[in-house]
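Data block below; observations after.
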Amino acid sequence: MARPANRYPAAMASNHLYLVDGSGYIFRAYHRLPPLTNKHNEPVGAVYGYTAMLWKLADEVHKADGPTHMAVVLDKSSHTFRNDLYDKYKAQRPPPPEDLIPQFPMIRDATRAFSLPCIEEEGWEADDLIASYAKAALAQGWQVTIVSSDKDLMQLIEPGLDLYDTMNNRRLGAEHVVEKFGVPPVQLGEVLALMGDSVDNVPGVPGVGPKTAAKLITEHGDLEAVLAAAPDMKKGKLRENLIEHAEMARLSRKLVTLACDVPLPEPLDGLALQGIPEAPLRAFLEHHGFRSLLARLGAVADAPQPAPAAGVALPEDPPCDHDGYEAVTDLAALERWAAAAREQGFVALDTETDGLGPMAGLVGISMALAPNRACYVPLGHRGGDLLADTPVQIPIDQALAVLKPMLADPAVLKIGHNIKYDLSILARHGVVVAPIDDTIVMSFNLDAGRHGHGMDELAATHLAHSCIAFKDVVGTGKAQKGFHEIGLREATRYAAEDADVTLRLWRRLKPRLSPEQATRVYEMVDRPLVPVLSGMERAGIKVDRKTLSRLSAEFATQIAALEGEIHGIAGTPFTIGSPKQLGDVLFEQMGIKGGRKGKSGVYSTDVNELERIAADREAGAGAELARKVLDWRQLSKLKSTYTDSLQQEINAETGRVHTSYGLTGAQTGRLSSNDPNLQNIPVRTETGRQIRDAFVAEPGNVILSADYSQIELRLAAHMADVPQLRDAFLRGDDIHNMTAQELFGEVNRDTRGRAKTINFAILYGISRWGLAGRLEIAPDEAQAMIDRYFDRFPGIRTYIAETLSSVRENGFTTTLFGRKTHFTRIKSSVQHERQGAERAAINAPIQGTSADIIKRAMARMNPALAEAGLSDVRMLLQVHDELVFELPESLVDRAKPVIQHVMATAAEPLVKLTVPLGVEIGTGTSWGAAH
DNA sequence: TCAGTCACG
DNA sequence: GACGTACGTGACTGAT
């Protein structure tokens with residue numbers, strides 16, 4: 001990593017001491033990295049992160065002003081002088097997570113493997129030891145780097161001493177402290193004392209946060225001066241608090257002060273780097289199976305069993321060189337990058353925007369051609385003197401004109417991580433991007449169920465790399481900036497890294513697709529869907545604001561009335577929306593029997609419980625109250641989640657609501673929908689259904705809804721080979737009636753309802769207790785019913801047994817199209833975890849195949865419509881087994897058979913089903929009317 | 001940030 | 001006998 005040579009004024013210093021805040025690091029690593037386990041089944045996520053970090057530091061030895069001395073500093077005891085000052089200090093800290101505890105000793109192993117000294121001392125926090133070493137080294141004229149991002153340690157920053165945040169690859173100097181806390185490092189202790197710290201239980205002054213603290217300290221100089229000036233301040237809460245809590249503030253000042261004069265357990269010279277003997281390090285890495293690190297050690301990848309998610313052995317990639325990325329601000333340079341991409345035939349790209357969602361504005365584009373060969377093209381940066389280092393940008397139209405032919409060139413593969421987003425943004429500038437590869441989809445097709453698929457997590461897992469966190473670039477909360485306000489240098493570091501990392505991930509993931517049998521689902525199901533979803537997101541659906549606001553007003557009136565009645569019955573006002581308070585009212589004050597407490601000690605007040613009370617004749621007024629709370633709950637839910645919020649989601653430009661679809665959200669392969677979620681718009685109750693009337697077609701158009709009928713049961717009939725079910729579907733019989741006839745020998749409302757419940761229970765992986773609860777019968781009876789079901793439909797029993805034996809053996813299930821879902825808990829020694837995994841594994845092939853089929857229908861829909869001269873038919877929404885379209889009224893009769901045909905034949909020719917897929921279609925001026 | 005609740009398939 | 005024993009999601013609320 002190139003750094004300016006004049007970074008430190010005292011550059012003549014020959015010795016450079018690195019002090020690693022080991023305790024701080026391990027907590028951050030634990031929370032940021034996936035919960036990996038090694039081959040001994042020990043949790044090692046944090047250890048892996050820690051080891052990769054030490055490796056990175058060891059690499060710095062070769063640099064111009066790299067470390068000559070290094071030590072890892074750890075917390076040893078829980079009791080320090082701060083506890084004597086204040087007994088509540090760090091008192092309410094929860095114990096470390098269970099699977100982190102065994103990793104503490106491993107951290108010491110890792111440190112020893114690198115032959116680094118480990119400093120820990122009874123009675124002192126790591127921070128105090130670090131401060132003492134730092135001061136001693138500075139006094140000798142050494143340079144010091146503290147490897148940490150702890151805010152308390154930032155107090156130590158001065159010329160010759162900086163902090164190094166390895167997770168984000170950032171050096172933190174005095175500027176950073178000023179930016180973050182509004183004061184230079186020497187005054188940071190004063191600010192921290194005023195602010196307090198709820199995690200460590202440093203009291204501070206109530207009502208004073210970072211902003212107020214910085215303002216006070218800047219104005220008065222230090223804490224004592226602030227306290228002295230308090231009586232003269234203008235009357236108000238601040239003045240009061242400063243006077244009342246002056247002593248707590250003084251105590252806080254002592255708590256945040258670092259001890260700089262701790263006797264050094266090891267002399268400075270003892271920290272000199274000796275070089276790393278290979279044998280112990282290799283032994284350590286092999287013990288844990290850290291293959292990517294072993295590979296860097298020069299090991300041949302001959303481990304007997306490849307670690308599941310470790311990727312393919314590749315020659316070592318160099319670490320990301322953030323300052324080596326190019327900022328492209330003139331046309332000639334941009335043309336060179338476009339030409340190089342065409343020359344090479346593939347390019348990774350990423351777009352930066354001023355917001356979230358498919359309708360955000362374009363701010364810049366980054367590209368990567370090879371590791372560390374990446375650039376950023378700023379296009380929409382604007383605003384104040386923040387951008388002092390931003391030279392002229394290429395006008396957006398000119399830049400896109402240069403990139404457009406390359407982005408549309410069928411000979412150039414465009415690689416993105418969640419490229420659907422980039423497709424949407426660029427499409428709104430008239431830029432077509434094709435062909436594409438998507439590393440988030442690849443990861444999902446390879447590793448669903450093993451870990452998440454976000455870029456940061458994949459970089460950590462596959463590349464042992466910590467990406468610059470977006471939050472560290474733009475900030476958080478109110479002070480958060482738009483990316484267009486970020487200066488060019490920092491924007492380039494962040495954006496080009498994203499493209500670089502995407503390219504590196506692609507080189508790891510793409511070669512795994514074929515050997516791991518993921519090519520089919522990637523090429524035939526998920527990848528073709530990416531541009532289709534982008535189109536649907538951009539299309540959006542028209543939502544009528546008036547309908548929603550009318551409903552909001554109606555609901556508000558009813559909610560207010562219910563509130564009064566509920567408080568009346570309770571005899572006291574309380575927050576109805578608080579399960580805790582409601583539980584107390586019902587079960588303590590009103591004395592209703594049978595309350596069940598959850599693990600947090602709160603009474604359950606969910607629908608089942610309230611309905612039980614409502615039907616309980618002994619509950620008296622409690623039954624009435626429960627009924628009213630149920631109504632209140634329903635109306636509050638509808639109002640807050642739908643009629644109120646949805647109005648906010650109407651895009652000002654288009655007058656439509658644009659959801660985002662997640663391709664990798666659901667383990668089974670289903671899509672998810674968010675911001676807003678349009679897959680859970682009410683339909684089951686009459687009141688809720690009114691909300692669907694707000695989803696409307698443009699004048700002259702209609703909404704068309706097409707849904708698969710009973711698709712999961714049909715697939716179960718096919719996959720489990722159940723002749724009676726299959727024949728019933730072939731004949732077009734009512735499937736629940738048929739089940740009722742088989743199970744109970746007669747069909748009526750009651751037996752049909754029970755049969756329906758059992759049919760669904762089968763899809764979800766049944767247990768006698770679950771079914772017993774649903775049917776309100778005894779577990780024994782439920783078991784008898786399950787046995788009878790299995791006897792009548794023996795294929796189901798076989799399907800379940802085979803699915804379970806396969807998932808236990810392979811660790812994953814597959815759909816008819818080859819989609820894998822991994823179940824890491826299938827062999828858990830914790831029974832309920834294992835049983836949960838078993839039920840999910842029984843369901844996954846069925847739910848997943850259904851998802852595969854509708855995805856294929858979606859990918860084929862637009863070409864089929866175009867073929868039929870129906871390009872004006874727009875596909876807007878997918879709700880798992882339903883597709884929603886908007887089309888000119890005049891085209892309805894021609895569109896219906898095309899849509900019906902595409903959906904019904906979507907499995908073919910890859911999969912030949914032995915049951916027909918039924919598709920039902922309705923139309924109307926609104927989504928509500930189309931059902 | 002978590003737990004509880006509830007909207008959907 | 002526990003496990004708030006049916007699968008998969010996302011959003012909102014109150015409490016910490």
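Each chain gets a letter, A, B and so on, in the order the sequences are listed, and its residues count up from 1.
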| task | Would you mind building the protein contact string for nucleotides 9-16 of chain C? One character per nucleotide, 5' to 3', B for base within reach (heavy atoms under 4.0 Å), S for sugar-phosphate only, - for untouched. | result | SBBSSSS-
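Note: CG (A/Leu804) to P (C/dC7) measures 13 Å, nearest angstrom. Atom pair A/Tyr603:OH and B/dA3:C1' shows a separation of 18 Å (rounding to whole Å applied). For A/Glu833 and C/dG4, the CD to C1' distance is 16 Å, given to the nearest whole Å. Computed from coordinates, the A/Arg774 CZ to C/dG4 P distance equals 15 Å when rounded to whole Å. Nucleotide C/dA6 holds its P atom 17 Å from the OH atom of A/Tyr789, rounded to whole Å. Between the CD atom of A/Gln878 and the P atom of B/dC8 there is a distance of 17 Å, given to the nearest Å. Nucleotide B/dG4 holds its C1' atom 16 Å from the CD1 atom of A/Ile576, rounded to whole Å. Atom CD1 of A/Ile796 and atom C1' of C/dA6 are 15 Å apart (whole Å).
Counted by atom type alone, A/Thr605 and A/Arg633 present one or more donor-acceptor pairs between their side chains at under 3.5 Å. Under the 3.5 Å distance criterion, with hydrogens and angles disregarded, a donor-acceptor pair is assigned to the side chains of A/Ser705 and A/Glu882.
The shortest distance between side-chain heavy atoms of A/Ile899 and A/Leu883 does not fall below 4.5 Å. Side-chain contact between A/Thr813 and A/Asn843 is absent, with no heavy atoms from C-beta onward closer than 4.5 Å. The closest side-chain heavy-atom distance from A/Val585 to A/Gln581 is not below 4.5 Å.
For the P atom pair drawn from B/dC6 and C/dG1, the interatomic distance equals 31 Å after rounding to whole Å. Using atom P as the reference point in both C/dC12 and C/dT16, the two lie 22 Å apart (nearest Å). Remark: the separation of the C1' atoms in B/dC2 and C/dA6 is 24 Å, to the nearest Å. Taking atom P in both C/dA2 and B/dA7, the straight-line distance is 30 Å, to the nearest Å.
The partner of B/dA3, taking Watson-Crick or G-U wobble pairs whose two distances both stay under 3.5 Å, is C/dT13.
Listed pair A/Arg684 / B/dC8 meets the phosphate criterion, a side-chain N or O lying under 4.0 Å from OP1 or OP2. Taking side-chain N and O atoms only, A/Arg633 has no distance below 4.0 Å to OP1 or OP2 of B/dA7. Residue A/Arg670 has no polar side-chain atom (N or O) positioned under 4.0 Å from OP1 or OP2 of B/dG9.
Side-chain to base pairing of A/Arg839 with C/dG8: no donor and acceptor N or O lie closer than 3.5 Å to each other. The base of C/dA2 lies close enough to the side chain of A/Gln831 for a donor and an acceptor atom to sit less than 3.5 Å apart.
Using a 4.0 Å heavy-atom distance criterion, A/Ile681 is classed as a sugar-phosphate-only contact.
A salt bridge links A/Arg754 with A/Asp750: the distance from a Lys NZ or Arg NE/NH1/NH2 to an Asp or Glu carboxylate oxygen falls below 4.0 Å.
Between A/Gln847 and A/Thr605, the residue anchored nearer the 5' end of DNA chain C, judged by the nucleotide with its closest heavy atom, is A/Thr605.
Between A/Ile846 atom CD1 and A/Arg714 atom CZ the span is 14.5 Å, to the nearest 0.5 Å.
Both tests hold for A/Lys820 against A/Phe812: distance to the six-membered ring centre under 6.0 Å, angle to the ring axis within 45°.
Surrounding CZ of A/Arg689 are more than 12 heavy atoms belonging to other residues, nucleotides or ligands, all under 6.0 Å away.
In this pair, A/His736 and A/Phe760 present their aromatic rings tilted. The plane angle is within the 30 to 60° band.
Contact check of residues 813-828 of chain A against DNA chain C (heavy atom, cut-off under 4.0 Å) returns no residues at all.
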